Undergrad: 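Mind having a look at this structure? Questions to follow.
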Amino acid sequence: MGLLIMIVALLLLTIVVLGEVVFSVAPKLINNDNNFRDKKNNKHTDFLPDFVCKTEQTPGLRIGFGSCNKQYKSQEWWGRAANYSDILLYNGDTIYSQGAGVTHLRKAYADLKASPHFLRATKKFARGMECVSTATNSSVEHGLWSVWDDHDFGINDAGGEPFPFFGQDDVQERMAVFKESLHPVCPSETDSKRPCLASRNGVYHNLDVHLIDEDRSDKKVVRITLLDTRSHRKLHAIPSLGSASHILRIFPVFASLTRYFAAFIGLGNMDEHSLLGEEQWSWFENSVCSSTKVDLHIIVSSIQITTKNKFVESWSHFPKELERLLKLLKACPHKQFILISGDVHFSEIMMTKDGLKPLELTSSGFTHNCVSPALPHFLCKYIVSSASKARHKSSTDGGKSSEETQNMLPFFTTKTAFGVLDIKPTGEGAVLEFISTDMTSQDDGDNQVIWKRKIDSFPTKDDIGNEQDPIFYAMEIDAHTVIVNRWIVFILSCIGIVLLLWVMKVLLFRLRWKKIVPSQNCNNNNNNNKTKSS
C-alpha cells in the first residue's frame, strides 16, 4: 500500500511539472510582448483620478501605512496611528475572517467597525482631508484608504481564480462587502450608503492629494494609486494549500514551501494578466503615465513587489506581471515614485540599485508578526533574514543598537509596527518613520519610534535600469545562492512529503478497517446463529 501511495504521489508531481512546462515555459519561448505598449510613443488622453483631496494640515502631509490587523485583538493601536498620521493607507488584510464564507466576512467587519478605537481614528482621518469624488462631483469625508488582500478576501492565499475543491465563485459578493465596509460613501438618490466606485470590477482606486503651504497655495501633488492584487489573480504555478487553512492550520507552512520550491526550479505563473487583469492594467498605466503635473507617485500593492523572498506571496511568482510593471515605471515620464506593500508580517525597506533611495516600503503587521504556533520565532527570523539581497548587510532587527545603525538604509524588523511618510510641500524627499504598535509601553515620543530617517529623494525611472541591467530583472524567479538554504528547503520538503504520505496511509488503513470489521461481525453473527440452531 505504501508503495502504491508513493507511485501516485510521483505521478501527480510529474503532471504538475509537465503542465507548468506546457502552460508557463512555452508562452515565455514565444516571447509575446503585446501586452505592453511603448509609453514613449503612446499619447494618453486626459486622466482624472477617482478622488481629489486637499489637506487641512499645514504644511505637508503625514501618510501612515500598514497592513494585517486581527480585529479580535486589541485595537488600541488605532489611536497611535491617528496621532502620527494625517491619513492612513490600509493596504491589505484589514480584517481576518474566522471562516471561508461571506457571512464570516460580514461579522469580521462588523466587529472592526464596532471598536471605539477604530471609530475615533477614522473620524480624525476624515477631518484632516477635503476630498471630492470626480465621478459624482460630490464631497467625500474619508481619510482611511483601503485595498484588500487574501484575509479580507476571506480565504488565505486566494484570488479571483478558484482553488480546486476549496475555491469560491462569489468574488463579486466578497468585493461588495469590502467596499460597503471600508470604501468612501457616494450617496445616490436611491441609496444613501452606496460606496463610491461600487460598479467597478475591482477595489482599485486612486487619489490626488494637493499639499498646501502656509499661504494655502498648492505646492506639490501626490498621487496615491491602490492596486487590487486579488480580484483577478490567477493561481500560483503550484496552487497554494494555504487556501485550505480553515481545514488544517499547518497548510500555510506547506504553501510557503511549495512557493519556494516553484521558485527554486524556476516555475512561475506565466499567464498574461495573471495578477491585475487587463482592465485594471489599462487604468493603472493611465494613472501612472498620463500626468506630468504629479510630483510623486505612491503605488500601493497588498503583496510585495521587489522582494527576493520566495517563501511569501509576491509579484515575483507572476514574472510576466512583474516585468510589465517594471517596464511601465521605466517608460513613463513621471518624476518620482515609491512602492508600498504589506502582507508578510514583518517590516522592511528595499533599495534602488545604488542603495541610496528606498524603492519599496513594507509595513506589516499592526497586531501580530510572523511568529505563530505553526511558525516558531527562529523560522520567522530565518525567513526574514534569508532574503537580504535588497538590503544592506548592516541592517538590524529593530534598528536600536546604535545611532549609526538607526540612520542606515535599508531596514527590517519583526516588531509590530506601521510606517509614516512625512512629505513637505516644498523641497524634495520626506521623513520616514516606523512606529511601534506595541501598546504595553505607553511612553510617548522616541520610545514609540523604531526607526527614523530623512529621505533626500525618491526613485525615478532612471533607477529602474534597462533590459541589459541586472537590476531590471533583479526580481525574476531565481534560487538563493546560499547552498545551505537549498538543503534546508530540500529537507523540509522531504519531511513534509513523508508526513503527507503517512497521513494518507493512515486514512486509507482506517477506511479499509471499517470495511473489514463489519464483515467480520456479520460472519460471527452467522456462526452464532448456526450454533444455536444446531
Side-chain angles (χ1 to χ4, degrees), residues 16 67-73 92-101 104-105 108 148-159 161-168 174 229-230 233-264 267-269 302-304 307 309-318 341-346 362 364-387 414 416 485 488-489 491-500 503:
V16 170
S67 62
C68 303
N69 175 45
K70 290 184 176 180
Q71 74 285 350
Y72 47 84
K73 289 193 172 187
D93 292 340
T94 56
I95 51 92
Y96 277 70
S97 176
Q98 297 290 78
H104 292 91
L105 278 178
W148 68 359
D149 202 37
D150 52 348
H151 290 285
D152 28 24
F153 187 87
I155 302 176
N156 188 45
D157 289 357
E161 183 178 3
F163 183 85
F165 309 112
F166 305 109
Q168 75 297 322
R174 294 171 184 272
T229 62
R230 292 293 166 181
R233 204 210 71 183
K234 297 184 179 179
L235 294 174
H236 287 276
I238 301 177
S240 172
L241 278 175
S243 296
S245 60
H246 55 285
I247 297 175
L248 193 61
R249 290 193 175 185
I250 195 68
F251 278 164
V253 177
F254 285 104
S256 296
L257 293 174
T258 56
R259 279 192 292 269
Y260 193 103
F261 174 73
F264 180 80
L267 296 182
N269 190 322
S302 63
I303 58 175
Q304 288 188 307
T307 182
N309 193 331
K310 304 309 177 187
F311 287 103
V312 301
E313 287 195 283
S314 69
W315 284 62
S316 65
H317 295 288
F318 302 87
S341 58
D343 176 59
V344 291
H345 302 174
F346 57 86
T362 298
S364 175
F366 286 122
T367 57
H368 57 288
N369 58 16
C370 57
V371 178
S372 68
L375 193 66
H377 186 264
F378 77 94
L379 280 179
C380 167
K381 293 293 291 292
Y382 170 75
I383 290 175
V384 176
S385 60
S386 64
T414 56
T416 56
N485 288 2
I488 290 175
V489 172
I491 292 171
L492 291 176
S493 300
C494 290
I495 293 173
I497 292 172
V498 170
L499 288 174
L500 185 60
V503 171

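Owing to the predicted nature of the structure, the values given are computational and were not obtained by experimental measurement. Worth knowing before you read on, the calculation uses all heavy atoms, side chains too, and leaves out hydrogens, waters and symmetry mates.
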Undergrad: Would you say D152's side chain and T94's backbone share a donor-acceptor pair under 3.5 angstrom?
TA: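 Yes: the side chain of D152 pairs with the backbone of T94.
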Undergrad: Quick one: CZ on R174 to CH2 on W148, what's the gap to the nearest 0.5 Å?
TA: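 These two atoms lie 8.0 Å from each other.
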Undergrad: Restricting to side chain to side chain contact (heavy atoms under 4.5 Å, CB included), what partner residues turn up for S256, sequence neighbours left out?
TA: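 Here the qualifying residues are R259, F311.
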Undergrad: Return the minimal non-hydrogen interatomic distance between D157 and S240, and the atom names on each side.
TA: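 Looks like OD2-OG, 2.5 Å.
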Undergrad: Looking at V312, is its backbone amide N or carbonyl O close enough to the side chain of H317 to form a donor-acceptor pair, meaning the two atoms are under 3.5 Å apart?
TA: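 Checked: pair present.
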Undergrad: Looking only at side chains, do S302 and D343 share a donor and an acceptor under 3.5 Å apart?
TA: no
Undergrad: Tell me, please, which residues at least two apart from R230 pass salt bridge (charged side-chain N to carboxylate O under 4.0 Å, His left out).
TA: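 With sequence neighbours excluded, R230 shows a salt bridge (charged side-chain N to carboxylate O under 4.0 Å, His left out) to D149, E313, given in chain and number order.
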Undergrad: If I take atom CD from residue Q304 and atom OG1 from residue T362, how far apart are they, to the nearest 0.5 angstrom?
TA: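 It comes to 4.0 Å.
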Undergrad: Is any side-chain heavy atom of R233 closer than 4.5 Å to a side-chain heavy atom of F318?
TA: yes
Undergrad: What heavy-atom pair brings G101 and S97 nearest, and what distance separates the two atoms?
TA: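 Looking at all heavy atoms of both residues, the shortest contact is O-OG, 4.4 Å.
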Undergrad: Are any non-hydrogen side-chain atoms of F366 and K73 less than 4.5 angstrom apart?
TA: no
Undergrad: Find the distance between NZ (K70) and NE2 (H368) and round it off to the nearest 0.5 Å.
TA: 4.5 Å
Undergrad: What residues form a side chain to side chain contact (heavy atoms under 4.5 Å, CB included) with H151, not counting sequence neighbours?
TA: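 Testing H151 for side chain to side chain contact (heavy atoms under 4.5 Å, CB included), a comparison that skips the adjacent residues, returns D93, Y96, N156.
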Undergrad: Rounded to the nearest 0.5 Å, how far does CD1 of I303 lie from OG of S364?
TA: 13.0 Å
Undergrad: Main chain of T416, side chain of N369: is a donor-acceptor contact present, judged purely on distance under 3.5 Å?
TA: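 Such a contact is absent between N369 side chain and T416 backbone.
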